[in-house]
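A single structure is presented below for examination.
Values in this document were obtained by computation on a predicted structure and should not be read as measured data.
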Amino acid sequence: MKWLTEFLSKRLPVLILLISALTFFSPHYLQAPAWVPSLLLGIVIFFAGLSMDVDAIKGIKRKKRELFMASFLKWTITVFTSIGIAYLFFSSNPELAAGIVLSGTVPSATAATLYTFLAGGNTPLVIASSLIDVAVSPIVTPLSLLGIADALVTISFIDLLRSFLLIVVLPLSTGIFMQKGFPSSKSYAKSAAKFGSSLALLLTVHIIVGSGREAIQQELAILPILCLAIFIQVVFPMISSYFIAKKLSISEADARAILFQAGLCNTALAAILAFEYISELAAIAPIINMIINLSAGSWISNYFAGKSIQEFPISKKAVAVK
């Protein structure tokens, strides 16, 4: 089981791309009810709650600046980048534009948590920021969609809040409760989190890509420009938020957390919301974003996982003096 867990976590970028391609080109895929992807995302959050250091979360109150920056960068750089791309590339296609905006205004509570954990970042900071996301996103998302002129592009505050509570808050609370009720579970929780989260993400990719395959096939002509726009939407917030955090002298572990929190949105949730409340066409952008951000996020998390965190490196001058 250990080798399988390590294989899934370390090869996740390649597996995501492979599963996406096989699902898209295969005549068969797992047809599941709409609630199944939501359940799978909830499983990822559940494992995050089961494996997190609760005492460290309590200590987040001592990191008010880091918590503020994680939320601020998420709701400025990511949101404005998404809105700018939507209007710049897809102003004539309201449903596609809505999918782009939706991809950048949902919480960062699933892959961001997993990849921060794998990268050695401050996972409690991501969890705390994601809880703030749950309160902010239902307000920001409808406001961000107001400028898109289409009768189909409407998502209510109540719909968003209900989805966020069921997919994020409830699983997270359950994981924390189980950790408190069964302290012995913490000894194997990290291994279970790696295996369960990786498997749940792969299944989510398979189901959502399969559900949106027909819509994607109908829009193949715009796929190259859409992929380019979404690549910018994913990578620019990640890189810029990390370097801004480092410029502000935020610790390496916290900067890594901010990178994933600000740059990796829960686009699987965005795809589910697009399918349910807008249209299959609107779901194309979140589906592609999901593949790109899961792949890019996994590559970056593996890169950071191989680099130790040295908060206070000793300068050559200090060594010489000593």
Path from L228 to I222 over hydrophobic side-chain contacts below 4.5 Å: yes
Candidates L17, I300, V234 - the one meeting side-chain contact (heavy atoms from CB on, under 4.5 Å) with S295: L17
Atom pair OG (S26) and CD1 (I19), whose distance is rounded to the nearest 0.5 Å: 10.5 Å
Shared hydrophobic cluster, L22 / I16 (ILVMFWY, side-chain heavy atoms < 4.5 Å): no
Under 3.5 Å: donor-acceptor pair, side chain of S279, backbone of A282: yes
Test item: side-chain donor near acceptor, S82 and Q233, under 3.5 Å: yes
Atom pair CD1/CD1 of I288 and I230 - distance to nearest 0.5 Å: 4.5 Å
Side chain T204, main chain L40, donor-acceptor under 3.5 Å: no
Side-chain touch P124/N122, heavy atoms, less than 4.5 angstrom: yes
Close side-chain approach of S103 and C265, heavy atoms under 4.5 Å: no
Main-chain N/O of Y115 paired to S301 side chain as donor or acceptor, under 3.5 Å: no
Side chains of P286 and F275 in contact at under 4.5 Å (non-hydrogen atoms): no
Q217 atom CD, neighbour heavy-atom count above 12 within 6.0 Å: yes
L264 versus G297, closest heavy-atom pair with distance: CD1-CA, 4.0 Å
Flag side-chain contact, heavy atom, 4.5 Å: V136 against T105: no
Pair Q261-S129, side-chain donor/acceptor within less than 3.5 Å: no
Candidate pair V235 and N293, rule side-chain contact (heavy atoms from CB on, under 4.5 Å), full reasoning: CA-CA 8 Å; V235 174; N293 78 35; over 6 Å; no
Centroid separation Y242 to F260 less than 6.0 Å: no
Verify same cluster id: L18, V209 (apolar side-chain graph, 4.5 Å): no
P37: which of I207, L203, V205 passes side-chain contact (heavy atoms from CB on, under 4.5 Å): I207
Atom pair CG (L102) and OH (Y277), whose distance is rounded to the nearest 0.5 Å: 11.0 Å
Considering all heavy atoms, the nearest L96-A285 contact: O-CB, 4.3 Å
Any T23 side-chain heavy atom under 4.5 Å of R213 side chain: no
Which atom of V79 lies closest to which atom of W75, heavy atoms considered: CG2-CE3, 3.4 Å
Cluster check I132, V140: I/L/V/M/F/W/Y, side chain < 4.5 angstrom: yes
Any side-chain heavy-atom pair of N93 and L281 under 4.5 Å: yes
From E252 atom CD to K246 atom NZ, the distance as rounded to the nearest 0.5 Å: 4.0 Å
F243 atom CZ: more than 12 heavy-atom contacts under 6.0 Å: no
Heavy-atom pair with the smallest gap, counting every atom of I43 and A200: CG2-CB, 4.3 Å
Heavy-atom pair of closest approach, residues A128 and L67: CB-CD1, 3.8 Å
Side chains of R256 and T116 in contact at under 4.5 Å (non-hydrogen atoms): no
Flag if over 12 foreign heavy atoms under 6.0 Å of CZ, F231: no
Trace of the side-chain hydrogen bond (donor to acceptor under 3.5 Å, both in side chains) decision for S108 with N266: CA-CA 5 Å; S108 305; N266 191 345; over 6 Å; no
Rounded distance [0.5 Å steps], OG in S241 versus CD1 in I77: 6.0 Å
Shortest non-hydrogen contact between G212 and I287, atoms and distance: CA-CD1, 3.7 Å
Expected output: side-chain D254 to main-chain I250 donor-acceptor under 3.5 Å: no
Single-linkage hydrophobic cluster, 4.5 Å side-chain cutoff, F80 and I232 together: no
Exceeds 12 heavy-atom contacts within 6.0 angstrom, atom OH of Y29: yes
Polar contact flag, side-chain donor to acceptor under 3.5 angstrom, S71-D133: no
Nearest-0.5 Å distance that lies between atom OG in S298 and atom CG in L15: 8.5 Å
F46 side chain near L170 side chain, heavy-atom distance below 4.5 Å: no
